[in-house]
Structure formats: structure tokens, C-alpha cells
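Every value quoted in this text rests on a predicted model; they were computed, and no experiment measured them.
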Amino acid sequence: MNESDTSRHFLRQWIEKDVAAGMVGGGVVVTRFPPEPNGYLHIGHAKAVCVDFGMAQLFGGECHLRLDDTNPTKESDEYAENIKRDINWLGFQWSGRPGESGEPGFYNASDMFDKMYAIAEELISRGQAYCCNLTQEEWKAYRGVPERPGTPSPSRDTDPDRNMQIFHEMRAGKYADGEWCLRAKIDMASPNIHFRDPVLYRIRHVPHYHLKDRWCVYPMYDFAHPIEDALEGVTHSMCTLEFEVHRPLYDWVIARMAEQGELVTRNGALVRPQQREFARLNLTYTVMSKRLLLQMVNEKVVAGWDDPRMPTVCGMRRRGYTPGAIREFCERIGVSKVESESDPALLEWCVREELNRTATRRMAVLDPVKVVIDNWDAAESRLVELPNNPTDAAAGVRQVPFGREIWIDRADFMEVPEKKFFRMAPGQEVRLRGACIFKCTRCVKDASGAVAEIHGTWDEASWGGNAADGRKVKGTIHWVDCATGVKAEVRLYDRLFTEKDPLKDGSDGFLKYLNPDSLRTVTAYVEPALAEAKALEHFQFERTGYFVADEHDSKPGAPVFNRTCTLKDSYKPA
RNA sequence: UGCCUCGUGGUGUAAUGGUAGCACCGCAGAUUCUGAUUCUGCUUGUUGGGGUUCGAGUCCCUGCGAGGCAACCA
């Protein structure tokens, strides 16, 4: 991907314009990715990661990773660690000056609590914030509705000294959760609800995963976020559309910081952060909210956050998706302000596009039925040479054992072939991939009428796969030698939901649209080389699909494979 | 119904007053020791109405539709 291939979306043009106008404080474009450590990253976050890190990369700037940990009730270290791991796996590394932890470009919002508190105190001194003891219900009533002005809090005109006293008492732990809060004094009549004296600080007697019990008052997002951006020297702060209506408040806080002389400088220039908003990614046939994903994990609808059916970054990794494919997908869906729903088919296309170039070819029979080559000497075994990847000669070749009895896939045989069925059928010739031409003579059935065994003969002049007389054989099928084939557990994944929009009836009933066939586990026979597959190693099982050795469960000698996606298949049964 | 944002093929996205293009999906054909890959071709689009202009997807007015905002969540 070079620069000219990259879409000139509106965020890029926004930054370009600032750069061209010399409007970037300090001359360095600084962005940030600010997840809250209260869940695992999903494909929607991956888009934001690509935008935030991607723009910084494009302009030769920095992108910070900041854990926005201002609400201790839902956050944890487990989430924080996995967020970092997932971003790295996606191929990005945060950069910038060391944060409190000493790690370059890495910040915890909570490390800025002292400064936030001081800024709040200054707001109080200047009569721009006050302490309020309205209950949440009262506050809701006072705030009013968007179409009518709200009512001022009785505490709105408390003098700064008294406010300061209460604020200090809040911090000292004198009050219970919700008893008091700190609010900005802005405009109770604003058509923008967020300007109606928003809450800046609330009391939470909850230990913080990072700072333990150091604080019992915590800043709200609208107050904390612009301060975090400003303190880090972020120049371009990009977030999703729902924050658009918060932007005036973001700017209000930045303006107050400017008044207080709290904006930082870079290379001698003041850095004044700006926020812009873009549409979040939606994918059909899945859900993307952390709350709902957590619900599926808790209710054990899936095996965990990294269940290969989950749209989480770790789930996709375990499914066999690659970082490159995910980045390519994020590039192709573009960036705009239109709320849209992307088609998972595009993601799959990106996955296939990469895996076709890189995945090692192997043969595996997922639904085995035995074939006996009657004119093959039972004692004889030969090696067949096959390329590891026909699209990449450098990948070399491997030898695959072949003998009198082999497994083929049940779907590759029809006792009464329909028209244009090029595979195995009585009287019909088919090529056994890399080995020889085989002609089926008959099949044996079991008591239930199912095909139990197929018999036929091979054309001894066709060793290697081509007929000596030059006659064409249309069908080629894959196989696994019975004598040396290895058993493997194979997990066949399909989409998690049957409904394009699982939330069409609201978020309560989405589980009724779960796809009952989203996971099917089979025992397959695979060629010997697959026995030693390494965790997360990608393969193409020829004619079947892309598979990956399971990150947790695959062991040498006892491989377990997850189906990443099928191959495209233009065969349409008549 | 207050404020804000957004409407381009089935989907996603370009065109920044000058030939509506690209990709995915779908369909058809060629090639093929993977019915894969590769290659070729095809179907389908500017939310309605009015205005400005030589010229409007783009600017203006108006209707229609979609989404967001009324957590001491982020």
C-alpha cells in the first residue's frame, strides 16, 4: 500500500490542510487511540486503530495509546493487557514521549488525575464550576428536555470558597457515591444538552485497577478526554460520530485550559487539540457492542472472547484471519460520516487474497470415504511430489505418501452423477491430485444404503497425473493415504447469526438469531505433514478452504484446525 | 416535534461546479492437475420537487428518509 493508493478521505484532507497551513502546533501530527480497558478490541476498534495509527504514519507523526480508564467500575488489567497485545498483533506500535509508566507513547488517563483535579479547582476558583447535591433523578428533571430550557441547580451560585471546600471534602471521602458532584457552569438553556452544566466529577468509592484506592472521585469523559489530549500534545483527535454533539464541550474545556495556561508546547508552539468524528464500522450478521459480546461470553453462547466466531481481534486471530487482511479491509471500507453496514464478504475476500499468496497447501479429507485401487499392489507405497504453494515457487515442494487405499471426501463421489459433475462416479475418470488417473468401477454400500467403499483402477501410464495419450480429465480431487494419514479435529465455523441485523428487534432478543450451525466439529484425515502444525500456522486445504492450527488446542501429533473460510466455489449442483 | 449529522448501483466508497468511476457481491465466458487462483465481459446508482448556472451528485430553497444527543458510561 503506497500513499497514492490510500483514500483521500475527509480526515486525511482535514489534517493535510492543517499541515499545509502550518497550523499543527510544533509541526508534528499527533493522534491517539483511546480505548477504555473494559472489554476486548473488536473489528470496529480495528478500524479506529487503522485510522488513528494510519494517519499518524501517513504524516510522519506519532500515535499514542491511551487507556481511558476514568471509570473504575468496569475496567481491569486483563483488558488493558489484551488491548496492547491486539494492537501490536494488528501491526501497530504506539510512539511518542514516555508516559508516566516510562513506555514511549503509552499513557493511562488515570496518571493525569492530579492535573485534572487541579484544573477543576481552578475552574471552581474562577466561578466556572460548582458542587451540586441534586440527586440523579432531580438532576435529570432540572436538565430538562432538548426542546425546552432546563432549570438551574439551587447550588449554581454557591460561592467559590464553599465549592472548593465541598470539592476537597468529596476527594477526602466525606460523602457517599452520588451525594455530591462537580458541575461546569455553562448554560442551562443551551439546545445542546451537554452544555447544561455537565457533570465533571463524580464520587465512586471503588478501587481503580491501576491506582488502587488513591481516589474516590473520578472525572467524567467529557472533562477528562480533552484534558488528556491536551496534556499529551495530541493535535488531531479522531473519534466516532456519537461524540459529534460533544465537540462544543470538548472545545470549551480546551478553551478553559488555554485560559489557565495549561496547554502544552511542542518545539516552542502551543498545541491546541481538535476533534473530528467519523462513522464507526458496522458489519452485517454480527453484533459489535462490547456489552453484547460480554453477554455472549458470560452466557457461554461462545467459548470466550477469542472464540473464532467472535468479531473480536483475538477471535479473528484464532479464526485464522491475518493482520494484513484486516488492515486491507479497513483501508477498503474507507472513512466517511455515513453510517453504513459493511459486508463480511469483503473481509473474507481480503483474507483469501492474502492467504492465497501465503498459505501452505495441504490435503485434508473432512468427510472421509474409502477408495480402494484394485489394481494397485497392496504392498506398494509411492511418494507424490506436490508444490507447497503454486503461486509461490520459493515455497518449494513436499512428498506425500500414496497407496492402495485412500480417503476422499464423500462429496467428491456420486453413484449417479448429475450433469457436469466432474468428480468420481462409476465409469468416469478423475485425477487424484498429483498421483494418477483413476477410473471408478463400483461402490459398496452399508446396511443403511450409504456408500461404504469405492473401488476402481488406476491408469498406470498416468503416474504424475497426466494421461500418456494426452486425453483430458476434467476433474481433479484431493485425497489422503489411509496407511499414513493422520486424524485431526477440524472445527468448521460459519457466521454466528442467521440474521443480517441481529438487533432488528432491539438488543434483548438478538440471541434468538444465533446460527445453530455456526460450529460443526469433524474428525478428518490429513496428510502426515500436518501432524506437526504449529499454533496459528495457516494452511490451504486444497479444494476445501483456509484453515489455521488452533492457538490453544492444537498439539504436535494431535493437530486441531479451525476453518478460517472456505474457498470460493462456482460448482452449482444441478 | 429542540439541536446536530448524513443521503451516489445489492454493499462500501470516489468524483472538491465540467464524461458518474473503483472495489466487493452477483452473473456469463476463457485458462487451469485446486469447479481455487488468474484473465475477459455483463447487470445495477446520484432521495423527490423547485432554483442558480453555458453546465449541478456537488451550490441555494423545500419536502422525504436515516442516524445521533436528554448515564454522576465511554
Side-chain angles (χ1 to χ4, degrees), chain A residues 7-10 13 34-36 38 68-71 73-75 109 132 134-136 139-140 143-150 177-183 190-196 198-204 217-218 220-222 224-225 239-248 277 279 281 284 290-291 329 332-350 352-353 356-357 361 363 386-387 390-391 420-423 431-435 437 462 464-466 472-478 540-546 566-572:
Chain A
S7 153
R8 293 175 59 86
H9 54 73
F10 77 105
Q13 293 184 39
E36 185 187 10
N38 68 344
D68 207 3
D69 52 357
T70 59
N71 181 358
T73 59
K74 298 182 292 183
E75 298 159 2
C132 176
L134 250 26
T135 64
Q136 273 190 63
W139 159 223
K140 200 174 169 182
R143 183 180 44 217
V145 289
E147 47 272 58
R148 280 189 304 281
D177 288 9
E179 202 173 340
W180 284 90
C181 68
L182 181 73
R183 296 172 60 182
S190 173
N192 185 336
I193 284 283
H194 302 284
F195 262 19
R196 319 249 268 223
V199 173
L200 267 26
Y201 265 91
R202 80 288 215 187
I203 301 170
R204 283 275 180 281
V217 290
Y218 292 91
M220 298 289 292
Y221 170 87
D222 280 322
H225 207 85
C239 59
T240 45
L241 248 28
E242 69 269 26
F243 293 103
E244 202 157 25
V245 71
H246 294 242
R247 191 154 103 203
E277 311 80 16
L281 166 65
T284 51
K290 278 195 254 187
R291 195 187 105 234
F329 172 70
R332 281 172 177 268
I333 55 172
V335 180
S336 75
K337 299 187 72 158
V338 186
E339 301 207 34
S340 54
E341 289 199 310
S342 290
D343 190 339
L346 180 59
L347 214 204
E348 277 203 358
W349 181 86
C350 294
R352 289 191 186 107
E353 200 276 329
N356 178 53
R357 285 184 283 109
R361 268 56 168 184
M363 292 194 289
L386 281 167
T391 72
K420 299 220 173 158
F421 182 80
F422 307 135
R423 286 113 89 154
R431 175 162 34 238
L432 297 173
R433 177 85 164 130
I437 293 171
S462 70
N466 283 314
K472 296 289 178 204
V473 174
K474 178 78 177 168
T476 299
I477 66 174
H478 61 281
Q540 184 200 96
F541 291 176
E542 293 205 49
R543 301 208 314 129
T544 303
Y546 293 102
T566 60
L567 253 33
K568 272 184 70 174
D569 183 8
S570 61
Y571 171 63
K572 290 172 286 293

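Distance from the side chain of A:Lys572 is smallest for B:rA28 among the nucleotides B:rA28, B:rA70, B:rG35. Between B:rU5, B:rC73, B:rA74, one nucleotide has an atom nearer to the side chain of A:Tyr221 than all others, and that is B:rA74. Nearest nucleotide to the A:Met220 side chain, out of B:rG35, B:rA70, B:rA74: B:rA74. With B:rC6, B:rC72, B:rG68 as the candidates, the nucleotide lying closest to the side chain of A:Glu339 is B:rG68. Residue A:Glu242 has its side chain nearest to B:rA74 when only B:rA74, B:rC72, B:rG35 are considered. Listed candidates were B:rU34, B:rC72, B:rC6. Nearest to the side chain of A:Arg204 is B:rC72. Taking every side-chain heavy atom of A:Leu567 into account, B:rU34 is the closest of B:rG35, B:rU34, B:rA71.
Remark: A:Ser336 is in phosphate contact with B:rU13, judged by side-chain N or O atoms under 4.0 Å from OP1 or OP2. Between A:Arg196 and B:rG2 there is no side-chain polar atom (N or O) within less than 4.0 angstrom of OP1 or OP2. Applying the 4.0 Å criterion to OP1 and OP2 of B:rU11, one finds that A:Thr284 has every side-chain N and O outside that range. One finds no side-chain N or O of A:Arg332 lying less than 4.0 angstrom from the OP1 or OP2 phosphate oxygen of B:rC24. For A:Thr391, no side-chain nitrogen or oxygen approaches OP1 or OP2 of B:rU38 to under 4.0 Å.
Across all strands shown, A:Phe243 has heavy atoms under 4.0 Å from base atoms, whether or not it also approaches the sugar-phosphate. When heavy atoms are screened at a 4.0 angstrom cut-off, A:Arg431 is found touching base atoms of the nucleic acid. Nucleic acid contact for A:Arg433: base, since at least one base atom lies under 4.0 Å from a heavy atom of the residue. Within 4.0 Å (heavy atoms only), A:Asp68 reaches sugar-phosphate atoms of the nucleic acid but no base atom. In this structure, A:Asn38 reaches neither bases nor backbone, as no heavy-atom distance under 4.0 Å exists between it and the strands shown. A:Tyr546 comes within contact range of no nucleotide atom at all, as no heavy-atom separation falls under 4.0 Å. Nucleic acid contact class of A:Arg148 (heavy atoms, under 4.0 Å, all strands): none. A:Leu347 comes within contact range of no nucleotide atom at all, as no heavy-atom separation falls under 4.0 Å. Residue-level contact check: A:Ile193 touches the backbone only, with heavy atoms under 4.0 Å from sugar-phosphate atoms and none from bases. Residue contacts for A:Glu36: at a heavy-atom cut-off of 4.0 Å it reaches the sugar-phosphate backbone alone, with no base atom in range. Looking at heavy-atom distances under 4.0 Å, A:Glu244 makes contact with sugar-phosphate atoms alone, never a base. At the heavy-atom level, A:Arg423 lies under 4.0 Å from base atoms of the strands shown. Contact annotation for A:Lys474: base contact, defined as any heavy-atom pair under 4.0 Å involving a base atom. Looking at heavy-atom distances under 4.0 Å, A:Val473 makes no contact with the nucleic acid at all.
One interatomic measurement links the two molecules: CD1 of A:Ile333 to C1' of B:rG12, which rounds to 8 Å at whole-angstrom precision. To the nearest angstrom, C1' of B:rC22 lies 16 Å from NE2 of A:His9. In this structure, CG of A:Leu386 is placed 15 Å from C1' of B:rA36, rounded to the nearest angstrom. Whole-Å rounding puts the A:Asp569 CG to B:rA36 P distance at 7 Å. Counting to the nearest Å, the C1' atom of B:rU8 and the CZ atom of A:Phe10 are 17 Å from each other. A:Arg202 places its CZ atom 9 Å from the C1' atom of B:rA71, with the value rounded to the nearest Å. Between the CH2 atom of A:Trp349 and the C1' atom of B:rC24 there is a distance of 8 Å, given to the nearest Å. As a whole-Å value, the separation of A:Glu353 CD from B:rA23 P is 13 Å.
Summarising the geometry of A:Leu386 relative to A:Arg433, their closest heavy-atom pair is CD2-CG, 4.2 Å, with the distance given to 0.1 Å. When all heavy atoms are compared, the tightest approach of A:Phe10 to A:Lys337 is CZ-CG, 3.6 Å. When all heavy atoms are compared, the tightest approach of A:Arg361 to A:Pro390 is NE-CD, 3.7 Å. Considering every non-hydrogen atom in both A:Arg183 and A:Leu134, the closest pair reads NH1-CD2, 4.0 Å.
The residue among A:Tyr571 and A:Ala345 whose nearest nucleotide of RNA chain B lies closer to the 5′ end is A:Ala345. Between A:Thr544 and A:Asp343, the residue anchored closer to the 5' end of RNA chain B is A:Asp343, taking for each the nucleotide with the nearest heavy atom.
A donor N or O paired with an acceptor N or O is found under 3.5 Å between the base of B:rU34 and the side-chain atoms of A:Gln540. The base of B:rA36 has none of its N or O atoms less than 3.5 Å from a complementary donor or acceptor on the side chain of A:His478. For B:rU34, the base has a donor-acceptor partner in the side chain of A:Arg361 [N/O atoms by modelled type, under 3.5 angstrom].
B:rG18 and B:rA28 have their C1' atoms separated by 36 Å, with the value rounded to a whole Å. Using atom C1' as the reference point in both B:rG57 and B:rA15, the two lie 9 Å apart (nearest Å). Separation of the C1' atoms belonging to B:rU1 and B:rU13 is 34 Å when rounded to the nearest angstrom. Look at the P atom in both B:rG67 and B:rG12: the space between them is 14 Å, to the nearest Å. Here the separation of B:rG65 from B:rG48, taken at their P atoms, is 15 Å to the nearest Å. Taking atom C1' in both B:rC6 and B:rG21, the straight-line distance is 22 Å, to the nearest Å. Rounded to whole Å, the separation between the C1' atoms of B:rA70 and B:rC3 comes to 11 Å. A distance of about 29 Å separates the P atoms of B:rC4 and B:rU11, rounded to the whole Å.
A 4.5 Å side-chain heavy-atom check between A:Val217 and A:Arg204 finds every atom pair outside the cut-off. Looking at heavy atoms from C-beta onward, A:Tyr546 lies out of side-chain contact with A:Thr566 at the 4.5 angstrom threshold. Here the side chains of A:Asp222 and A:His194 are in contact, with some heavy-atom distance below 4.5 Å. Inter-residue side-chain proximity for A:Trp139 and A:Val199 is flagged as met; some heavy-atom pair is nearer than 4.5 Å.
Applying the Watson-Crick and G-U wobble criteria (two distances, each under 3.5 Å), B:rG12 pairs with B:rC22. Pairing of B:rC69, defined by two Watson-Crick or G-U wobble distances under 3.5 Å, is identified with B:rG2. With a 3.5 Å ceiling on both atom-pair distances, the Watson-Crick or G-U wobble partner of B:rC64 is B:rG7. Across all strands shown, B:rU58 has no partner, as no Watson-Crick or G-U wobble contact with both distances under 3.5 Å is found. Figure legend. B:rA28 is base-paired to B:rU40; pairs are counted as Watson-Crick or G-U wobble with both atom distances under 3.5 Å.
Of the N and O atoms on the side chains of A:Asn192 and A:Ser190, not one donor lies less than 3.5 Å from an acceptor on the other residue.
An anti orientation is assigned to B:rA20, its glycosidic angle lying beyond 90° of 0.
A:Glu36 has no carboxylate O lying under 4.0 Å from a charged side-chain N of A:Lys290, or vice versa, which leaves the two without a salt bridge.
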